[in-house]
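All chains are named by letter (A, B, ...) in the order of the sequence lines, taking the proteins before the strands, and each is independently numbered beginning at 1. Computed over heavy atoms, backbone and side chain alike; hydrogens, waters and symmetry mates excluded.
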Amino acid sequence: MARSTGLSGFPEWLPEGRLVELEVLDTVRRVFELHGFTPLETRSVEPVDVLLRKGEIDKEVYAVRRLHADAADDDTLALHFDLTVPFARFVVENAARLDFPLRRYQVQKVWRGERPQEGRFREFTQADIDIVDVDVLASHHDAEMALVMAEVFASMPFLPRATIHVNNRKVLEGFYRGLGIEDVPAVLRAIDKLDKIGAAKVRTLLLEAGLAETAADQVLALAAIRGADGTVADKVRALGVTDPLLDEGLAELVAVVEAAQRVHPGAVEADLHIARGLDYYTGTVYETTLEGFESFGSICSGGRYDALATDGRTTYPGVGISLGVTRLVSLVLGRDLARATRKVPSAVLVAVVDDDSRSASDAVAHALRARGIPCEVAPRAEKFGKQIKHADRRGIPYVWFPSAEGDTVKDIRTGDQVGAEAATWTPPDTDVLPRVVAATDIDEGAS
RNA sequence: GUGGGUGUAGCUCAGCUGGUAGAGCGCUGCGUUGUGGUCGCAGAUGUCGCGGGUUCGAGUCCCGUCACUCACCCCA
């Protein structure tokens, strides 16, 4: 089993866990590139004032400085805590050299100083896609973000079913404004906790925030609305609150949900209680839960930011969504949802008959590798029983026995052993590389 | 940062009102003397998180400390 102890919040997986993580990383890269997103990496470090630009002084960032820095060196750097803010900075800095609308993906580690907990780390990997344009970004990209991620999830059948919940900040803010609510951030924060603490406690929070009872009830009624088509807007309007911003938000929200529904039915739904704190989001917001693990939190979130990237003269509105790779992998490994079919890439262990004939075994390995079959040569010329055990422990499915009378290869799962030539023998496609499959499939196969 | 819980073998854990450390799994060897897995037998492994105190004696009680963990906050 993979472990994540050691330095709390800085997870390290065992090899079999890393194979699961790589499967996720390979999948996101493949799907992102299939959709034309171009790769980008930004430096790990930003000036503190870039990271905390929006006045969010309480962000838990890690400061970075030279061990030998003198007091005079006050250029404070910090590790980035997400990929959106550095990307916005990068866009503004390189706008003259970039082509818009810009579609980019970015997969990197980020750092946050918060107290670690299950699924919450201090160092973790995010996989982001964003699209930014100049002055105005077409609204159909809001649906596209969710659809690309829906495809990522569909490409990992070992995962529980993922639902991308979509809302629109304009809907919430317009609705609240129509109700005459003043402290919108406080209401957003309260609504964001609905899943965790329930409607009754949220209502108490709302009353504490100064809402009238009727307003609190209206806010909760809005938050309870869900759906995957235009009827969502009807349900909101039935609450009787009117506001121009509300109408604008509803139109955007319905457009996103209906567009997604046409391509990936069931993967995306409008959920009017998604609020997303008080960040830089201005319109569409996303949050993703896995069926059966809703309380684990969102594994893929994001939203539209119309004002994050600006040089004062030109604004680059964007929309993006971020997959929490480490959180997702920690869930898969921690709950044993899926496993790699073996711990090492090798499909074949080439046995060594005796120390003098190691070169013959090396030649077999060379021939197999030349045809793309990962293999390794036994480390010691031990009794064959031990060499087979070596393979068995690691999950290597085949052991190759070189012999002057003709080589043989044994499938140690079935015990079948047949004559074979290194220049032509090929394992089934499913055995060439380790695969990641649902744990239940492995358990059934073993029994 | 605030509050609760837990630290004993590689892993999961037991160890009563203080008496000198155990189980299962795993590991090693043998049976099977160059074809593993099952089974049987034998064997190895611990600064009991760390430091101090009480005591004839501390894994056990007290104080401190560190780590991990859960909740708040925030979020992937």
Nucleotides 4-9 of chain B: which of its N/O atoms have a protein N/O under 3.5 Å away?
none

### Message
Restricting to ring-ring contact (aromatic ring centres under 6.0 Å, His included), what partner residues turn up for A:F158, sequence neighbours left out?
### Response
none

### Nearest-angstrom distance, C1' atom, B:C50 to B:G59
14 Å

For nucleotides 26-29 of chain B, give me every protein contact, N/O to N/O, under 3.5 Å, one pair per line with atom names.
from	atom 1	to	atom 2	distance (Å)
B:C27	OP1	A:R393	NE	3.1
B:C27	OP1	A:R393	NH2	3.2
B:U28	OP2	A:R393	NH2	3.0
B:G29	OP1	A:K386	NZ	2.5

### Query
Does a side-chain N-to-carboxylate-O contact under 4.0 Å join A:R122 and A:E114?
no

Please list, pair by pair, any protein nitrogen or oxygen found under 3.5 Å from a nitrogen or oxygen in nucleotides 70-72 of chain B.
from	atom 1	to	atom 2	distance (Å)
B:C70	OP1	A:E118	N	3.1
B:A71	OP2	A:Q117	OE1	2.3
B:A71	N7	A:Q117	NE2	3.4

#### Entry: A:Y105 ring center near A:F32 ring center (under 6.0 Å)
yes

### Query
For residues 342-353 of chain A, which residue pairs qualify under side chain to side chain donor-acceptor pair (under 3.5 Å), counting only residues two or more places apart or in two chains?
A:S346-A:E376

### Query
So does A:R339 pair up with A:E16, basic N to acidic O under 4.0 Å?
no

### Query
What integer number of Å spans the C1' atoms of B:G3 and B:G10?
34 Å

### Message
Using atom P in both nucleotides, what's the gap between B:U45 and B:G22 to the nearest angstrom?
### Response
12 Å

### Task
Could you tell me whether A:R169 sits above the aromatic face of A:Y281, with NZ or CZ closer than 6.0 angstrom to the six-membered ring centre and within 45 degrees of the axis?
no

## Note on the structure
Separation between CG (A:L83) and CD1 (A:I129), nearest 0.5 Å, reads 12.5 Å

### Message
Give me the distance, rounded to whole Å, that separates B:A44 from B:G29 when you measure between the P atoms they each carry.
### Response
15 Å

### Task
Tell me, please, which residues at least two apart from A:W111 pass ring-ring contact (aromatic ring centres under 6.0 Å, His included).
A:H80

### Query
Is A:I412 touching bases, backbone alone, or none of the nucleic acid, heavy atoms closer than 4.0 Å?
base

### Message
Any non-hydrogen side-chain atom of A:W13 less than 4.5 Å from a side-chain atom of A:V20?
### Response
no

### Query
Looking only at atom P, what distance separates B:C61 and B:U2, rounded to whole Å?
27 Å

### Task
On RNA chain B, check which nucleotide each of A:K410 and A:S301 is closest to and give me the residue with the more 5' one.
A:K410

#### Entry: Results of salt bridge (charged side-chain N to carboxylate O under 4.0 Å, His left out) for A:R115 - residues two or more places apart only
none

### Message
Using atom P in both nucleotides, what's the gap between B:G40 and B:G24 to the nearest angstrom?
### Response
12 Å

### Task
Would you indicate whether A:D355, at its atom CG, is surrounded by more than 12 heavy atoms from other residues, nucleotides or ligands within a distance under 6.0 Å?
no

### Task
Give me the residues of residues 321-329 of chain A where at least one heavy atom lies under 4.0 Å from an atom of RNA chain B, by number, or none.
A:G324, A:R327

#### Entry: Helical stems, RNA chain B - three or more consecutive Watson-Crick or G-U wobble pairs below 3.5 Å
B:1-7 with B:66-72, B:10-13 with B:22-25, B:27-31 with B:39-43, B:49-53 with B:61-65

### Message
Pair A:T163, A:E291 - check side-chain hydrogen bond (donor to acceptor under 3.5 Å, both in side chains), show working.
### Response
CA-CA 8 Å; A:T163 304; A:E291 189 172 31; over 6 Å; no

#### Entry: Whole-Å distance separating the CZ atom of A:F124 from the P atom of B:C74
16 Å

### Message
Are the side chains of A:E269 and A:R226 in contact, using a 4.5 Å heavy-atom criterion?
### Response
yes

#### Entry: Residue among A:E287, A:M149, A:R327 satisfying side-chain contact (heavy atoms from CB on, under 4.5 Å) with A:I299
A:R327

### Message
Quick check, does A:F121 stack with B:A76? I mean ring centres under 5.5 Å and planes off by under 30°.
### Response
no

### Message
Any non-hydrogen side-chain atom of A:L272 less than 4.5 Å from a side-chain atom of A:V232?
### Response
yes

### Query
Is there a donor-acceptor pair under 3.5 Å between the side chain of A:S298 and the backbone N or O of A:T288?
yes

### Query
Between A:S8 and B:U69, is there a side-chain N or O to OP1/OP2 distance below 4.0 Å?
yes

### Query
Base, sugar-phosphate, or nothing for A:R122, non-hydrogen atoms under 4.0 angstrom?
nothing

### Query
Tell me, which of residues 102-113 of chain A have any heavy atom that sits under 4.0 Å from an atom in RNA chain B?
A:R112

#### Entry: Between B:C74 (P) and A:F81 (CZ): distance, integer Å
15 Å

### Message
Can you list everything that forms a ring-ring contact (aromatic ring centres under 6.0 Å, His included) with A:F401? Sequence neighbours excluded, please.
### Response
A:F384

#### Entry: A:R104 and A:D130 ion-paired at < 4.0 Å
yes

### Task
Provide the distance between the two C1' atoms, one in B:C16 and one in B:U69, to the nearest whole Å.
27 Å

### Task
Apply side-chain hydrogen bond (donor to acceptor under 3.5 Å, both in side chains) to A:T326 and list each qualifying residue two or more places apart in sequence or on a separate chain.
none

### Query
Which whole number of Å gives the distance between the C1' atom of B:G18 and that of B:C72?
39 Å

